[in-house]
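Structure first, commentary second.
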Amino acid sequence: RAVLMVTLVEIGKMIYRKSLTINTIATAAVLILIVRPTDLWSVSFQLSFAATTAIVLMVNRLPAMLTGRIAAYFLGIIVVSVAAQLGTLPITMFYFKQVSTYFLLANLLVLPIASVLVPCGLATIALGGSTAGVFIGKITWALAWLMNHSVEWIESLPGSTISAHINGWMVGIYYILLCILYMLVTKKA
C-alpha cells in the first residue's frame with residue numbers, strides 16, 4: 001500500500017500535479033481492491049487508509065502557526081498523531097476493543113527515532129556486508145531496540161489503554177459526524 005501511494009505521488013510530481021491528495025489515496029485503494037477485493041475487509045487496509053486520509057486532510061489545513069523549525073517539527077508530530085488517532089479510532093475500538101491513551105507520547109518518542117531508523121535500514125540493505133553496511137547495520141539495530149523499548153515502556157505505564165468497544169453502526173455514525181465536522185471547519189477557513 002505504501003509503495004503504491006508513494007509511486008502515485010511520484011507519478012503526480014512527474015506530470016506536475018499536486019502530490020498526495022485524496023485522489024491519490026482513492027486511486028491506490030481502487031488499484032489494490034481491483035487486484036485483491038477482499039482487502040476491503042482487512043483491518044490493516046482499513047487502518048492504513050483511514051490514517052493516511054485523516055493525516056492528509058488535517059495536515060493540508062495546518063496553518064504556518066510556528067516559524068521555529070523545532071517547534072514546527074513537534075507541532076507536525078502532534079498534528080499527525082491526532083489526525084491518525086481521529087481517523088483510526090472507531091476501527092481500533094471496533095476490532096481491538098481498546099484505545100491507546102498515550103498515543104501522543106508514543107509518537108513524540110517513536111517518530112523521531114523512525115525518521116532516522118528507516119534511512120539507516122535502507123542504507124544497511126544497500127551496502128550489504130561491507131564495512132560501512134555492517135557499521136550502519138549496528139546503528140539500525142540500536143535504533144530499532146530503542147524504538148521497541150520506548151513502546152514497551154509506554155505500554156507499561158498505568159492506564160496505557162482503556163477498554164472501549166463500538167459496533168458497526170457506531171463506526172459509520174462516527175465517520176459521518178467526522179466528515180460533517182471537517183466540512184464545517186474547512187468551510188469557515
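Position 1 is the first residue of the sequence, and the numbers go up from there. Only this structure's heavy atoms are used, side chains among them; waters, hydrogens and symmetry mates stay out.
- V171 and P90 make their closest contact through CG2-O, 3.8 Å (heavy atoms, listed as atom of the first residue, atom of the second, distance).
- The hydrophobic clustering, which links ILVMFWY residues whose side-chain heavy atoms are closer than 4.5 Å, places L111 and F103 together.
- Nearest heavy-atom pair across V134 and G129 is CG2-O, 3.7 Å.
- Environment of NZ in K138: sparse, with no more than 12 heavy atoms of neighbouring residues, nucleotides or ligands closer than 6.0 Å.
- The shortest heavy-atom contact between A106 and I154 is CA-CD1, 3.3 Å.
- The CH2 atom of W153 sits 5.0 Å away from atom CG of L105, with the distance rounded to the nearest 0.5 Å.
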Verdict with reasoning, V43 to F96, per side chain to side chain contact (heavy atoms under 4.5 Å, CB included):
CA-CA 10 Å; V43 178; F96 304 111; 3.8 Å; yes
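- Rounding to the nearest 0.5 Å places CZ of F94 at 14.0 Å from CG of L89.
- Within 6.0 Å of the CD atom in E155, the count of heavy atoms belonging to other residues, nucleotides or ligands does not exceed 12.
- One hydrophobic cluster holds both V80 and V99 under the rule that ILVMFWY side chains link at heavy-atom gaps under 4.5 Å.
- Annotation for L33 and L40: closest pair CD2-N, 3.4 Å, computed over non-hydrogen atoms.
- Contact between T161 and T101 at its shortest, heavy atoms only, is N-OG1, 4.1 Å.
- The CE atom of M58 sits 5.0 Å away from the CG atom of L86 when rounded to the nearest 0.5 Å.
- Shown here are the side chain to side chain contact (heavy atoms under 4.5 Å, CB included) partners of F74, two or more places apart in sequence or in another chain: I70, I77, L108.
- Rounding to the nearest 0.5 angstrom, the gap separating the OG atom in S150 from the CH2 atom in W145 is 8.0 Å.
- Formation of a donor-acceptor pair under 3.5 Å by the T27 side chain with backbone atoms of N23 is found in this model.
- Remark: I25 CD1 to I55 CD1 distance equals 9.0 Å, nearest 0.5 Å.
- Linking Ile, Leu, Val, Met, Phe, Trp and Tyr residues whenever their side-chain heavy atoms come within less than 4.5 Å places V79 and L104 in a single cluster.
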Which is it for F49 and I32 under the side chain to side chain contact (heavy atoms under 4.5 Å, CB included) test, yes or no, and what are the steps along the way?
CA-CA 11 Å; F49 282 95; I32 289 169; 3.9 Å; yes
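- Scanning both residues, W41 and Y95, for their nearest heavy atoms gives O-OH, 4.2 Å.
- Under the 4.5 Å side-chain criterion, counting only non-hydrogen atoms from C-beta, L127 is not in contact with F135.
- Counting only distance, with no hydrogens or angles, the side chain of Q98 and the backbone of M93 share no donor-acceptor pair below 3.5 Å.
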Check step by step if side chain to side chain contact (heavy atoms under 4.5 Å, CB included) holds for V35 and L31.
CA-CA 7 Å; V35 175; L31 291 173; over 6 Å; no
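- With rounding to the nearest 0.5 Å, the separation of NE2 in H165 from OG1 in T92 is 12.0 Å.
- Linking Ile, Leu, Val, Met, Phe, Trp and Tyr whenever their side-chain heavy atoms come within less than 4.5 Å puts W141 and I136 in one cluster.
- At a threshold of 4.5 Å between side-chain heavy atoms, the hydrophobic network of Ile, Leu, Val, Met, Phe, Trp and Tyr places V116 and L122 in two separate groups.
- Using modelled atom types, one side-chain atom of T140 and one backbone atom of C120 make a donor-acceptor pair closer than 3.5 Å.
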